[in-house]
Amino acid sequence: MRPSVIQLVFREKGALYAAYMPLLTDGGLFVPTTREYRLGEDIYLLLSLPDDPQRFPVAGKVAWITPANASGGRTQGVGVRFPNDEKSRQVKLKIEELLGTTLQSAKPTQTL
């Protein structure tokens, strides 16, 4: 079975902040989706970051699942863990650079 391809477009930093998962060693993102996934399933992201015309391909894996009707009104979707490779490391660095000091913020996110 081919991994599904999801286009993930972040137009502003707030949305990126809410989705980014610094807790994962190699980085990761929350992907809102109503599709059913299993843990460990491959997922292919085409990532667009704010103010960047480039699209970044990331071959990730499902690290956790937020089911429909999750408590606290959380958005249904999956957490995608970035692979441990050079290309993904560049994307992670780019995201963390974009977010800068926001990463230390106490603002709630959609992630863990």
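Taking the side-chain hydrogen bond (donor to acceptor under 3.5 Å, both in side chains) definition, one finds that R89 meets it with E86, sequence neighbours left out. For the side-chain contact (heavy atoms from CB on, under 4.5 Å) test, residues two or more places apart in sequence or in another chain that qualify with D52 are L49, Q54, F56, K94. Applying the side-chain contact (heavy atoms from CB on, under 4.5 Å) criterion to S88, with sequence neighbours excluded, gives V58, F82, P83, D85. With sequence neighbours excluded, the residues forming a side-chain hydrogen bond (donor to acceptor under 3.5 Å, both in side chains) with Q7 are R55, listed by chain and number. Here E12 pairs with A15 under the side-chain contact (heavy atoms from CB on, under 4.5 Å) rule; sequence neighbours left out.
Residues T75 and F30 form a side-chain contact, since some pair of their non-hydrogen atoms from C-beta on lies under 4.5 Å apart. Within the 4.5 Å cutoff, no side-chain heavy atoms of F10 are placed close to those of L98. Proximity of V62 to R38: side-chain heavy atoms (C-beta onward) are nowhere separated by under 4.5 Å. Within the 4.5 Å cutoff, the side chain of M21 has heavy atoms near those of the W64 side chain.
Of all heavy-atom pairs between I65 and L39, the closest is CD1-N, 3.9 Å. Looking at every heavy atom in both residues, Q76 comes nearest to A68 through OE1-CB, 3.4 Å. Minimum heavy-atom separation, G60 to V80: CA-CG1, 3.8 Å. Closest approach of G28 and L24 over heavy atoms only: CA-CD1, 4.1 Å.
Atom CG of L99 sits about 8.0 Å away from atom OH of Y20, to the nearest 0.5 Å. Remark: I43 CD1 to L8 CG distance equals 9.5 Å, nearest 0.5 Å. Between the CG atom of D26 and the NZ atom of K61 there is a distance of 12.5 Å, given to the nearest 0.5 Å. Within the model, atoms CD1 of I95 and CG of L47 stand 5.5 Å from one another, a figure rounded to the nearest 0.5 Å.
Taking Ile, Leu, Val, Met, Phe, Trp and Tyr as hydrophobic and joining them when side-chain heavy atoms fall under 4.5 Å apart, one finds L46 in a cluster with V5, Y44.
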